[in-house]
Amino acid sequence: MALPYTHHYDLSFSALNLKKFGSSHLQPICCLRCNSSVSSSPFTENHSLQRYQRDLWVYNNNNQQQPSLSCDDEAASCSVPADSDSIRLNDIALQLPELRKLLQVLKHKRESCGGQVPKNGLGDVFLVGTGPGDPDLLTLKAVKVIQKADLLLYDRLVSNAVLDLVGPDARLLYVGKTAGYHSRTQEEIHELLLSFAEAGATVVRLKGGDPLVFGRGGEEMDFLQQQGIQVKVIPGITAASGISAELGIPLTHRGIANSVRFLTGHSRKGGTDPLFVAENAADPDSTLVVYMGLSTLPSLAQKLIHHGLPPDTPATAVERGTTPQQRMVFAELKDLADKIKTAELVSPTLIIIGKVVALSPFWPQSLTEASRLVEVQLKGHL
């Protein structure tokens with residue numbers, strides 16, 4: 001069977017004694033590594049060279065020196081202060097003068113456009129999903145909006161390949177978040193969107209995956225609509241759909257999985273809220289997809305097993321899915337956390353748990369065994 005990828009990969013299995021699914025001795029684990037020579041992340045990291053080159057306009061101030069770009073091009077990383085709060089405050093201090101200047105430029109542009117001035121002088125805001133990373137997965141509508149925007153506010157998990165599609169006259173502004181570092185608070189993002197829309201700009205808010213799936217797009221939409229700003233949502237392929245398709249995993253399958261559930265593994269303000277749903281999520285006839293779950297997976301897996309999910313349930317973790325840097329680990333649920341640690345997977349990593357994972361051509365057992373699983377499950381539902 002041909003690999004469902006557009007890149008060349010090297011597949012290796014660490015388990016040779018493959019036995020029938022359901023055996024307590026089965027230790028399926030494989031790791032897929034890309035042969036690409038690209039070592040940098042496909043996404044915009046907190047302080048990458050690509051980010052500073054892309055956002056250089058906000059730092060271009062006659063009274064201040066531009067930030068140093070003496071970085072390793074291969075690693076695409078810069079030397080920055082360790083204190084995340086000071087980093088964010090420094091970024092804001094550098095950007096504010098240029099943001100005010102851009103507002104003035106946009107207002108002048110709209111006033112000089114005659115009949116093209118938006119109704120009430122207000123611009124439109126588009127919440128655009130950019131998918132899991134592969135630019136070929138963008139919708140045509142998303143590409144059109146990205147290319148005509150005046151200003152684009154983009155997150156960390158919007159891939160560099162997607163940002164290369166932005167029009168030459170547009171301005172880009174990084175507003176990404178990651179654990180321990182928020183370049184902007186959510187309230188600041190709200191105010192930025194509002195300010196530029198009130199100036200008459202066409203503003204695009206770029207979000208990885210789908211803007212309304214764990215992307216806080218609903219909060220931004222609600223805030224702007226309350227201020228009288230028209231918001232249009234352009235859906236994107238959420239990571240669960242894009243990555244499962246890349247791996248040949250059907251999220252639902254007749255006789256095996258009759259439902260799918262998306263779960264955030266990221267605790268809000270350090271809480272344990274993702275773990276409270278384990279009792280209801282431990283359904284062997286459902287597929288569970290965990291976003292942002294690297295840190296909480298060990299506890300979540302234990303609770304799922306405690307509430308009845310079989311320890312040998314097939315599972316996979318996929319880092320940087322759909323990009324040339326994709327890596328993935330397959331294992332039974334009880335072993336997945338250890339295998340992730342051994343493989344040193346990093347964010348963004350998506351986790352898929354359920355019997356459908358065994359239908360993937362990358363699951364370390366033969367296609368005959370996978371077909372037998374489907375046949376057994378179908379007979380059980382006749």
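All of these numbers come straight from a predicted model, not from anything done at the bench.
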Do [X] and [Y] belong to the same hydrophobic cluster, where Ile, Leu, Val, Met, Phe, Trp and Tyr are linked whenever their side-chain heavy atoms lie under 4.5 Å apart, directly or via other members?
X	Y	answer
Val145	Val158	yes
Val318	Phe214	yes
Phe126	Tyr174	yes
Ile249	Ile237	no
Ile234	Leu152	yes

Mind listing the closest non-hydrogen atom pair of [X] and [Y] along with its distance?
X	Y	value
Pro211	Pro235	CD-CA, 4.3 Å
Ser286	Ser259	OG-OG, 3.0 Å
Ala331	Lys339	CB-CG, 3.7 Å
Pro310	Leu333	O-CD2, 4.3 Å
Ala239	Pro132	CA-CB, 4.2 Å
Val125	Ala197	CG2-CB, 3.8 Å

How about [X] and [Y]: do any of their side-chain heavy atoms sit closer than 4.5 Å?
X	Y	answer
Val289	Leu251	yes
Leu122	Glu198	yes
Leu359	Pro250	yes
Leu163	Thr130	no
Thr287	Ile352	yes
Val162	Pro135	yes

| query | Which residues satisfy the side chain to side chain contact (heavy atoms under 4.5 Å, CB included) test with Arg261, sequence neighbours excluded? | reply |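 Testing Arg261 for side chain to side chain contact (heavy atoms under 4.5 Å, CB included), a comparison that skips the adjacent residues, returns Val277, Asn280, Ala281, Leu288.
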| query | In chain order, what residues pass the side chain to side chain contact (heavy atoms under 4.5 Å, CB included) check against Ala317, with sequence neighbours excluded? | reply |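 Counting only residues at least two positions away or on another chain, Ala317 forms a side chain to side chain contact (heavy atoms under 4.5 Å, CB included) with Leu336, Ile340, Leu345, Thr349, Ile351.
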Distance from [X] atom [atom1] to [Y] atom [atom2], nearest 0.5 Å?
X	Y	atom1	atom2	answer
Leu350	Leu294	CG	CG	10.0 Å
Leu173	Leu153	CG	CG	5.0 Å
Leu309	Lys334	CG	NZ	13.0 Å
Asp312	Ile305	CG	CD1	9.0 Å
Ile353	Thr313	CD1	OG1	8.5 Å
Gln302	Leu297	CD	CG	9.5 Å

When you measure from the side chain of [X] to the backbone N and O of [Y], does any donor-acceptor pair fall under 3.5 Å?
X	Y	result
Ser360	Leu247	yes
Ser195	Leu192	no
Thr316	Val329	yes
Gln326	Thr322	yes
Asp210	Gly236	yes
Asp134	Asp136	yes
Ser159	Gly133	yes
Asp124	Thr202	no

| query | Among Glu319, Arg156, Arg320, which residue meets the side chain to side chain donor-acceptor pair (under 3.5 Å) test with Ser347? | reply |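 The residue from Glu319, Arg156, Arg320 that satisfies side chain to side chain donor-acceptor pair (under 3.5 Å) with Ser347 turns out to be Arg156.
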Distance-only donor-acceptor hits, side chain of residues 219-230, under 3.5 Å, sequence neighbours excluded:
unit_1, atom_1, unit_2, atom_2, d
Glu219, OE1, Arg216, NE, 3.2
Glu219, OE1, Arg216, NH2, 2.9
Glu219, OE2, Arg216, NE, 3.1
Glu220, OE1, Arg205, NE, 3.3
Glu220, OE1, Lys207, NZ, 3.4
Glu220, OE2, Gln186, NE2, 2.9
Glu220, OE2, Arg205, NE, 3.3
Glu220, OE2, Arg205, NH2, 3.3
Glu220, OE2, Lys207, NZ, 3.2
Asp222, OD1, Gln226, NE2, 3.4
Asp222, OD2, Gln226, NE2, 2.9

| field | Residue pair Tyr291 / Thr238, side-chain donor-acceptor N/O under 3.5 Å | value |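 Yes - a donor-acceptor pair under 3.5 Å links their side chains.
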| said: Around atom NE2 of His306, are there more than 12 heavy atoms from other residues, nucleotides or ligands closer than 6.0 Å? | reply: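 Not more than 12 within 6.0 Å, no.
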| field | Working for side chain to side chain contact (heavy atoms under 4.5 Å, CB included), residues Lys355 and Asp285 | value | CA-CA 8 Å; Lys355 289 181 288 188; Asp285 295 323; 3.3 Å; yes
| said: Could you walk me through whether Val260 and Val356 satisfy the side chain to side chain contact (heavy atoms under 4.5 Å, CB included) test, starting with their C-alpha distance in whole Å, then the side-chain angles of each, then the deciding distance to 0.1 Å, before giving a yes or no? | reply: CA-CA 10 Å; Val260 59; Val356 291; over 6 Å; no
| query | Going through the distances and angles, do Val175 and Asp155 end up as a side chain to side chain contact (heavy atoms under 4.5 Å, CB included)? | reply | CA-CA 6 Å; Val175 293; Asp155 281 347; 3.9 Å; yes
